[in-house]
S.K.: 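Dropping a structure here in structure tokens format, bear with me for questions.
Just the heavy atoms: all of them, side chains too, but no hydrogens, waters or symmetry mates, feed the values below.
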Amino acid sequence: AGDRKYRELGADMAHELRSLIQPLRLQVDTLRERVDRAKRPDPQAQRVVRSMLEGMRRIERLVTDLRHYTSE
């Protein structure tokens, strides 16, 4: 019974995190497109956006792993 509660909690957390991450990801993707399309791309801005995207990917992987764990 306790294991089931942890899985339910994990599933709820994964859902909530995914709901928070999706709009952030869309905004970062939009920012990346604007930075890359600039007439004179700013290398520092490009590095910052790449770093943000990598952080988002890491969070998305963690959420995916959590979802897999809770569905076992």
S.K.: Apart from Val49 itself, which Ile, Leu, Val, Met, Phe, Trp or Tyr residues share its cluster (side-chain heavy atoms under 4.5 Å, direct or through members)?
M.R.: Val28, Leu31, Val35, Val48, Met52, Leu53
S.K.: Using side-chain hydrogen bond (donor to acceptor under 3.5 Å, both in side chains) as the criterion, list what pairs up with Arg7, not counting sequence neighbours.
M.R.: Asp3
S.K.: Does any pair with a residue in residues 43-52 pass salt bridge (charged side-chain N to carboxylate O under 4.0 Å, His left out), and if so which ones, sequence neighbours excluded?
M.R.: none
S.K.: Please check this pair: side chain of His15 against backbone of Ala11, looking for a donor-acceptor N/O pair closer than 3.5 Å.
M.R.: no
S.K.: Under 4.5 Å side-chain heavy-atom separation, chaining through any Ile, Leu, Val, Met, Phe, Trp or Tyr, what else clusters with Ile21? Say none if it is isolated.
M.R.: Leu17, Leu24, Met56, Ile59, Val63
S.K.: Say you draw a straight line from CZ of Arg18 to OG1 of Thr64; how long is it, rounded to the nearest 0.5 Å?
M.R.: 7.0 Å
S.K.: Say you draw a straight line from CE of Met13 to CG of Leu62; how long is it, rounded to the nearest 0.5 Å?
M.R.: 10.5 Å
S.K.: Only counting residues at least two apart or in another chain, list the ones meeting salt bridge (Lys or Arg N to Asp or Glu O under 4.0 Å) with Glu33.
M.R.: none
S.K.: Just verifying a value: how many Å separate Asp42 CG and Asp36 CG, rounded to the nearest 0.5 Å?
M.R.: 11.0 Å
S.K.: How would you list, by chain and number, every residue that makes a side-chain hydrogen bond (donor to acceptor under 3.5 Å, both in side chains) with Glu16, sequence neighbours excluded?
M.R.: none
S.K.: Considering only residues two or more places apart or on different chains, which pairs with a residue in residues 58-68 satisfy salt bridge (charged side-chain N to carboxylate O under 4.0 Å, His left out)?
M.R.: Arg25-Glu60, Glu54-Arg61
